[in-house]
Trainee: 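I have a structure I would like to understand better, so I am pasting it below and will then ask my questions one at a time.
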Amino acid sequence: MGVHMKTQNFIRGALIVSVGGIAAKILGAFYRIPLTNLLGGEGIGIYQMVYPLYCLLLTVSATGIPSGLARLVSQAQASGSRLGMRAVLRKSMSLFSVIGLVGTAVMFLFAPLMSAAQNEPLAVNAYRALAPSVFLVSVLSCFRGYYQGQSNFVPTAVSEVVEQVVKIGFGLYFAYLYRSNTVTAVVFTLLSVTVSECAATVFMLAAALRQKQVSPLYRDRAMLPRAAALLRVTIPVTIAAGVLPLSNMIDSILIVNLVGRYSDSATALYGLYAGAATTLINLPVSVCYGLAAASIPLVSSLTENGEAEKAEKKCAFALKCTLFLALPAAVFLFAFSLPVAQTVFPSVKGEQGIVLSGLVRGLSSSCVLLALVQTLSACLTGSGRAKISAISMTAAVAVKLILEFFLLRVPQISIFGAAYASAACYLVAFGINLVYSIKDRKNRRRFYGTIFKFGAFSLAAVLAAVPFGRINIFAALAVAALVYCSLSVAFCAFSEEELGLVRRKKKYDQYRRLRV
């Protein structure tokens with residue numbers, strides 16, 4: 001009964017976060033279409049150049065917070081200490097808001113230096129317009145970790161949608177208003193990101209104030225955890241999540257400078273890679289984020305209770321769900337890269353359209369690999385082994401940067417070298433994380449069989465959709481989804497136990513024995 005309820009909570013939590021993630025990412029993907037049309041290739045290139053440093057600072061000040069705090073709050077909840085849960089929130093707010101302020105100051109002050117390193121002096125004001133977001137996301141992440149630790153994923157999902165809606169509204173307004181001046185349009189479009197984070201933070205504060213029978217945080221008298229205890233949990237997660245943004249920041253310098261040796265459109269090519277192709281690839285990954293977020297409190301509670309075997313089975317189940325969603329998306333993007341790119345980014349035409357299509361195809365394997373790495377990292381965090389995830393990602397990024405250094409120097413490969421290097425990066429991280437997450441040979445063999453099964457379903461679905469792809473990409477997507485789901489049901493992709501139907505089956509067996 002306990003396992004059954006935990007599975008239900010896991011699926012429900014994953015669905016809530018995934019629905020929020022889907023809505024947010026769909027809004028974000030459609031936002032990029034008019035934004036790219038208004039800013040143009042150079043404008044979206046400058047827009048995307050600012051994000052690597054921003055993401056790196058967010059990682060240092062905020063990214064590890066939800067996962068780390070979710071584990072601490074889950075532990076406090078397991079022991080029945082409500083005051084302990086709120087003490088974790090209170091201490092994290094006081095600690096990470098200060099770290100967020102430092103991150104904001106760093107981004108504001110280092111803006112000229114980063115712009116010079118990227119050989120794009122026009123990006124200085126863009127950096128400064130985005131800088132306050134670092135502090136706001138730090139505060140926002142504390143609330144998200146607090147709620148996720150209680151397996152309450154609604155506030156996180158709603159806040160993500162609020163972020164996107166506000167960003168799109170203000171962003172498109174500013175981009176259209178200043179469309180005659182590309183640099184000004186980029187600066188104010190990035191300012192809309194700051195406004196959106198402010199709106200999401202206000203929403204989270206309002207949600208906390210609406211909780212009934214709960215005193216304000218400053219009135220709590222519970223023993224506050226030490227800062228060292230918080231950092232001990234969040235730092236490994238931060239390192240694991242921060243290595244990739246660090247590599248992306250290096251990308252923004254490496255790609256533009258190496259490709260710029262033989263191409264006059266290095267900034268535009270970087271914009272196509274980091275702004276357009278990566279956006280498409282990250283959409284299925286964002287859908288799978290709910291599985292990762294829901295895994296942490298579940299695996300953490302099982303690990304704390306000494307049920308390591310059950311915890312590993314839940315990791316294997318989360319991995320299977322991730323593969324079920326991400327693998328068909330990767331195969332579809334590979335097969336229909338050109339029509340998908342043309343549909344999502346109609347303003348990118350001619351030679352740039354062909355380059356974008358090639359980048360989507362080259363990054364398609366990264367779609368499933370990154371989603372699997374995301375889930376495995378969450379499982380390692382829940383089981384208290386976030387250091388392994390940090391080590392694996394560090395090794396993977398080292399491989400990526402080495403490959404980029406050699407591939408980007410070849411004019412015949414050009415920007416595609418970055419796509420191939422990314423795929424190799426996620427493959428290395430996935431391999432290492434899998435070895436340490438799924439140790440039981442039976443579970444691992446089942447996973448390999450699942451890859452083969454879902455791969456066959458995906459291939460059959462895409463082949464069935466090919467004739468419809470010549471007519472309309474949405475028709476091809478609908479046919480592929482229908483065939484894939486039909487095959488999954490026909491060949492029992494998930495067992496009755498995994499779907500939480502055990503009790504219903506038992507009742508049916510009882511009625512059958514009574515000849516009812």
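The first residue of the sequence shown is numbered 1, and numbering continues consecutively from there.
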Trainee: Is there a side-chain contact between S364 and V360, using heavy atoms and a 4.5 Å cut-off?
Mentor: no

Trainee: Does the pair L319 and L372 meet the rule for a side-chain contact (heavy atoms from CB on, under 4.5 Å), with working shown?
Mentor: CA-CA 7 Å; L319 205 59; L372 292 171; 3.7 Å; yes

Trainee: I need the minimum non-hydrogen distance between L323 and P328, along with the two atoms involved.
Mentor: O-CD, 3.8 Å

Trainee: Would you please name every residue forming a side chain to side chain donor-acceptor pair (under 3.5 Å) with S159, sequence neighbours left out?
Mentor: R144

Trainee: How long is the span from the CD1 atom in I255 to the CD1 atom in I250, to the nearest 0.5 Å?
Mentor: 11.0 Å

Trainee: What pairs of residues pass the side-chain hydrogen bond (donor to acceptor under 3.5 Å, both in side chains) test when at least one of them lies in residues 327-343, not counting sequence neighbours?
Mentor: S337-S357

Trainee: Applying ring-ring contact (aromatic ring centres under 6.0 Å, His included), can you list everything that pairs with F188, at least two apart in sequence or on another chain?
Mentor: F174, Y178

Trainee: Which heavy-atom pair separates V187 from A126 by the least distance, and what is that distance?
Mentor: CG2-N, 3.7 Å

Trainee: As an exercise, state the distance from CG of L269 to CD of Q352, rounded to the nearest 0.5 Å.
Mentor: 7.0 Å

Trainee: Between R179 (side chain only) and Y176 (backbone N and O only), is there a donor and an acceptor less than 3.5 Å apart?
Mentor: yes

Trainee: Per the side-chain hydrogen bond (donor to acceptor under 3.5 Å, both in side chains) rule, what does the pair list look like for residues 407-422, sequence neighbours excluded?
Mentor: Y273-S422

Trainee: Taking it one step at a time, do L190 and T194 satisfy side-chain contact (heavy atoms from CB on, under 4.5 Å)?
Mentor: CA-CA 7 Å; L190 288 168; T194 297; over 6 Å; no

Trainee: Can you list the residues that meet the side chain to side chain donor-acceptor pair (under 3.5 Å) rule with R385, with sequence neighbours excluded?
Mentor: S383

Trainee: What pairs meet the salt bridge (Lys or Arg N to Asp or Glu O under 4.0 Å) rule with one or both residues in residues 393-408, with sequence neighbours excluded?
Mentor: D251-K400

Trainee: Among residues at least two apart in sequence or on other chains, which ones pass side chain to side chain contact (heavy atoms under 4.5 Å, CB included) with V162?
Mentor: V158, V166, A199

Trainee: Just jot down the side chain to side chain donor-acceptor pair (under 3.5 Å) partners of T182, sequence neighbours excluded, or say none.
Mentor: none

Trainee: Taking the inter-plane angle between the rings of Y484 and F324 on a 0 to 90° scale, is it parallel (under 30°), tilted (30 to 60°) or perpendicular (over 60°)?
Mentor: tilted

Trainee: Nearest 0.5 Å, please: how far is CG in L408 from CD1 in I415?
Mentor: 6.0 Å

Trainee: Could you name each residue pair satisfying salt bridge (Lys or Arg N to Asp or Glu O under 4.0 Å) that touches residues 316-330, not counting sequence neighbours?
Mentor: K320-E498

Trainee: Just wondering, do V397 and L401 contact through their side chains at under 4.5 Å, heavy atoms?
Mentor: yes

Trainee: Can you name the closest pair of heavy atoms from V479 and A464 and give their distance?
Mentor: CG1-O, 3.9 Å

Trainee: For the atom pair OG1 (T322) and CG (L376), what is the distance rounded to the nearest 0.5 Å?
Mentor: 8.0 Å

Trainee: Hey, does F345 have a side-chain heavy atom less than 4.5 Å from the side chain of L280?
Mentor: yes

Trainee: The test is side-chain contact (heavy atoms from CB on, under 4.5 Å); show your working for F334 and V462 and say whether it passes.
Mentor: CA-CA 10 Å; F334 180 86; V462 167; over 6 Å; no

Trainee: Quick check on Y436: does its OH atom have over 12 non-hydrogen neighbours (other residues, nucleotides or ligands) under 6.0 Å away?
Mentor: no

Trainee: Y47: which residues meet the ring-ring contact (aromatic ring centres under 6.0 Å, His included) condition with it, sequence neighbours left out?
Mentor: Y51

Trainee: Check ring-ring contact (aromatic ring centres under 6.0 Å, His included) between F457 and all other residues, then give those that pass, not counting sequence neighbours.
Mentor: F491

Trainee: Return the minimal non-hydrogen interatomic distance between I281 and P284, and the atom names on each side.
Mentor: O-CD, 3.2 Å

Trainee: Would one find more than 12 heavy atoms of other residues, nucleotides or ligands at under 6.0 Å from atom CZ of F406?
Mentor: no

Trainee: Is the closest side-chain donor-acceptor distance between S138 and S97 under 3.5 Å?
Mentor: no

Trainee: For the residue pair I253 and A117, what are the closest heavy atoms and their distance?
Mentor: CG2-O, 3.7 Å

Trainee: side-chain contact (heavy atoms from CB on, under 4.5 Å), that's the test. Do V355 and F416 meet it? Break it down for me.
Mentor: CA-CA 8 Å; V355 171; F416 297 105; 4.3 Å; yes

Trainee: How would you list, by chain and number, every residue that makes a ring-ring contact (aromatic ring centres under 6.0 Å, His included) with Y426, sequence neighbours excluded?
Mentor: none

Trainee: Minimum heavy-atom separation for T201 to L136, with atom names?
Mentor: OG1-O, 3.4 Å

Trainee: Nearest 0.5 Å please: distance from the OG atom of S458 over to the CZ atom of F332.
Mentor: 11.5 Å

Trainee: Are the side chains of I432 and I391 in touch, meaning some heavy atoms are under 4.5 Å apart?
Mentor: no

Trainee: Rounded to the nearest 0.5 Å, how far does CZ of F336 lie from CZ of R361?
Mentor: 10.5 Å

Trainee: Side chain of S377, backbone of Q374: donor and acceptor closer than 3.5 Å?
Mentor: no

